[in-house]
Amino acid sequence: MNKYVQFNHRLIEINLRDQRHISDSQRKFAFLLLSSIDDVTNGDLEYTKMLFYTWFQMYAGLDSFSMSDRLGDVNTTNAFIDFLIEFMTENKILIKATGRPVLDDRETSKMEYAALMNKQCVVCGKVPSELHHIDAIGSGNDRRKISHVGRRAVQLCVFHHREADSSLGWAKFADKYHLQGTKLTTEMTRQLKLGDWSHDGTEEQRKTYFKENENES
């Protein structure tokens, strides 16, 4: 595991005990993420689970952590899921395509974000994939030169992108696959190098953006 990034730039602080019990959707999604990490690291799911439980306890300053019905709670499990997703996106670990459970809206949103940041089809898990804009760019606009910040998008393979664009349309497609779309932030567009994200950034960010992309136009 020492070759993987180990969360050195952000802290989680949890002060109050959440009295709401962990949901089945949360637990299923967390174990899907753990299984996805295990597929490319250890090959021993129980070891991977205990390792990340321990890391998370240290990271969040917890005495213990559990996802059991009796001890698990909503807020702490959400923080754990975010912790796993950050590890996966930093290390380009994809969510496995098999064994994906039907998730509640909250977990669906987190899965869409992870798929988007790793450029993985959110429906089938395939790579390579393409960005599907839910909020249309508009004909005549150059996607390389406009701001994508605030627009909703999902990552789709060629087949599912075609299905969303023509066969079904977004509303029916989203209902079929239980999707919502992710609203793009400035930081997300910077990392994904989408359009002129620099319009929403600092002067230093703008200079960096144009320097990195001057040969791509």
Side-chain angles (χ1 to χ4, degrees), residues 3-12 29 32-33 36-37 39-41 81-97 100 106-166 170 173-174 177 179-217:
K3 70 177 180 178
Y4 293 96
V5 177
Q6 296 184 10
F7 319 105
N8 57 8
H9 68 281
R10 195 172 69 184
L11 296 176
I12 294 176
F29 186 45
L32 174 64
L33 298 178
S36 300
I37 294 170
D39 280 354
V40 297
T41 54
I81 288 171
D82 290 342
F83 176 81
L84 295 175
I85 288 175
E86 182 178 352
F87 180 86
M88 293 176 71
T89 56
E90 286 181 347
N91 294 288
K92 303 303 178 186
I93 297 175
L94 305 180
I95 299 176
K96 64 194 303 180
R100 292 190 177 190
R106 177 176 50 214
E107 286 71 57
T108 295
S109 176
K110 292 177 184 293
M111 186 171 73
E112 289 181 15
Y113 168 80
L116 189 67
M117 298 308 292
N118 273 340
K119 299 184 178 180
Q120 174 188 19
C121 180
V122 70
V123 176
C124 66
K126 288 183 179 178
V127 289
S129 62
E130 306 166 341
L131 188 72
H132 172 71
H133 289 86
I134 300 167
D135 300 319
I137 296 298
S139 62
N141 288 319
D142 188 338
R143 295 186 178 192
R144 297 171 303 171
K145 297 181 179 180
I146 67 169
S147 172
H148 293 241
V149 175
R151 300 176 188 271
R152 293 175 301 146
V154 290
Q155 199 74 17
L156 300 172
C157 65
V158 173
F159 173 81
H160 286 112
H161 200 171
R162 187 181 302 119
E163 185 180 22
D165 272 339
S166 55
W170 171 250
F173 182 84
Y177 294 109
L179 301 176
Q180 305 166 66
T182 299
K183 184 172 287 190
L184 298 169
T185 65
T186 299
E187 179 60 21
M188 291 169 68
T189 57
R190 184 191 69 78
Q191 292 184 40
L192 295 170
K193 296 185 178 180
L194 294 175
D196 185 8
W197 67 270
S198 60
H199 177 77
D200 303 276
T202 64
E203 181 62 29
E204 182 178 353
Q205 288 174 327
R206 284 192 284 272
K207 289 179 180 178
T208 301
Y209 172 81
F210 287 118
K211 183 177 181 180
E212 290 177 348
N213 292 273
E214 60 186 357
N215 295 323
E216 297 182 11
S217 56

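When reading the values below, keep in mind they use all heavy atoms of this one structure, side chains included, and skip hydrogens, waters and symmetry mates. All values reported here derive from a predicted model rather than from experimental measurement.
- Under the side-chain hydrogen bond (donor to acceptor under 3.5 Å, both in side chains) criterion, Gln180 pairs with no residue, sequence neighbours left out.
- Here the shortest heavy-atom pairing between Val154 and Gly181 reads CG1-CA, 3.6 Å.
- One finds no salt bridge joining Lys110 and Glu107 here, because no Lys/Arg side-chain nitrogen approaches an Asp/Glu carboxylate oxygen to under 4.0 Å.
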Residues Thr185, Lys183; criterion side chain to side chain contact (heavy atoms under 4.5 Å, CB included); working and verdict: CA-CA 7 Å; Thr185 65; Lys183 184 172 287 190; over 6 Å; no

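- Separating the CE atom in Met117 from the NZ atom in Lys92 is a distance of 6.5 Å, to the nearest 0.5 Å.
- In terms of heavy-atom proximity, Ala97 sits nearest to Cys124 at CB-O, 3.0 Å.
- Note that CD1 of Ile37 and CG of Leu84 are 5.0 Å apart. Values are rounded to the nearest 0.5 Å.
- Taken to the nearest 0.5 Å, the CE atom of Met188 stands 4.5 Å off from the CG atom of Leu116.
- Evaluation of the ring-ring contact (aromatic ring centres under 6.0 Å, His included) rule for His132 yields His161, Trp170 as partners, not counting sequence neighbours.
- At least one donor-acceptor pair under 3.5 Å links the side chain of Gln120 to the backbone N or O of Gly125.
- With sequence neighbours excluded, no residue forms a ring-ring contact (aromatic ring centres under 6.0 Å, His included) with Tyr113.
- Of the possible donor and acceptor atoms, one in the side chain of Ser129 sits under 3.5 Å from a partner among the backbone N and O of Lys119.
- Taking the six-membered ring wherever Trp is involved, the centroid distance between the rings of Phe83 and Phe87 does not fall below 6.0 Å.
- Leu131 approaches Ala153 most closely through the heavy-atom pair CD1-CB, 3.7 Å.
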Stepwise side chain to side chain contact (heavy atoms under 4.5 Å, CB included) test for Phe173 and Val123: CA-CA 10 Å; Phe173 182 84; Val123 176; 4.0 Å; yes

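- No side-chain heavy atom of Asn118 sits under 4.5 Å from any side-chain heavy atom of Gln155.
- Here Glu112 pairs with nothing under the salt bridge (charged side-chain N to carboxylate O under 4.0 Å, His left out) rule; sequence neighbours left out.
- In this structure, CE in Met111 is found 9.5 Å from CG in Leu33, a value given to the nearest 0.5 Å.
- Between Ser109 and Thr182 the shortest heavy-atom distance is O-OG1, 4.4 Å.
- Rounded to the nearest 0.5 angstrom, Thr186 OG1 and Leu194 CG are separated by 11.5 Å.
- Contacts of Lys96 classified as salt bridge (charged side-chain N to carboxylate O under 4.0 Å, His left out), with partners at least two apart in sequence or in another chain: Asp39.
- In this structure, Thr89 contributes its side chain and Glu86 its backbone to a donor-acceptor pair below 3.5 Å.
- Summarising the geometry, atom OH belonging to Tyr177 is positioned 3.5 Å from atom NE2 belonging to His160; distances are rounded to the nearest 0.5 Å.
- Applying the side-chain hydrogen bond (donor to acceptor under 3.5 Å, both in side chains) rule to Arg152 yields the partners Asp135; only residues at least two apart in sequence or on another chain are considered.
- Smallest separation of non-hydrogen atoms from Ile93 and Ser36: CG2-O, 3.8 Å.
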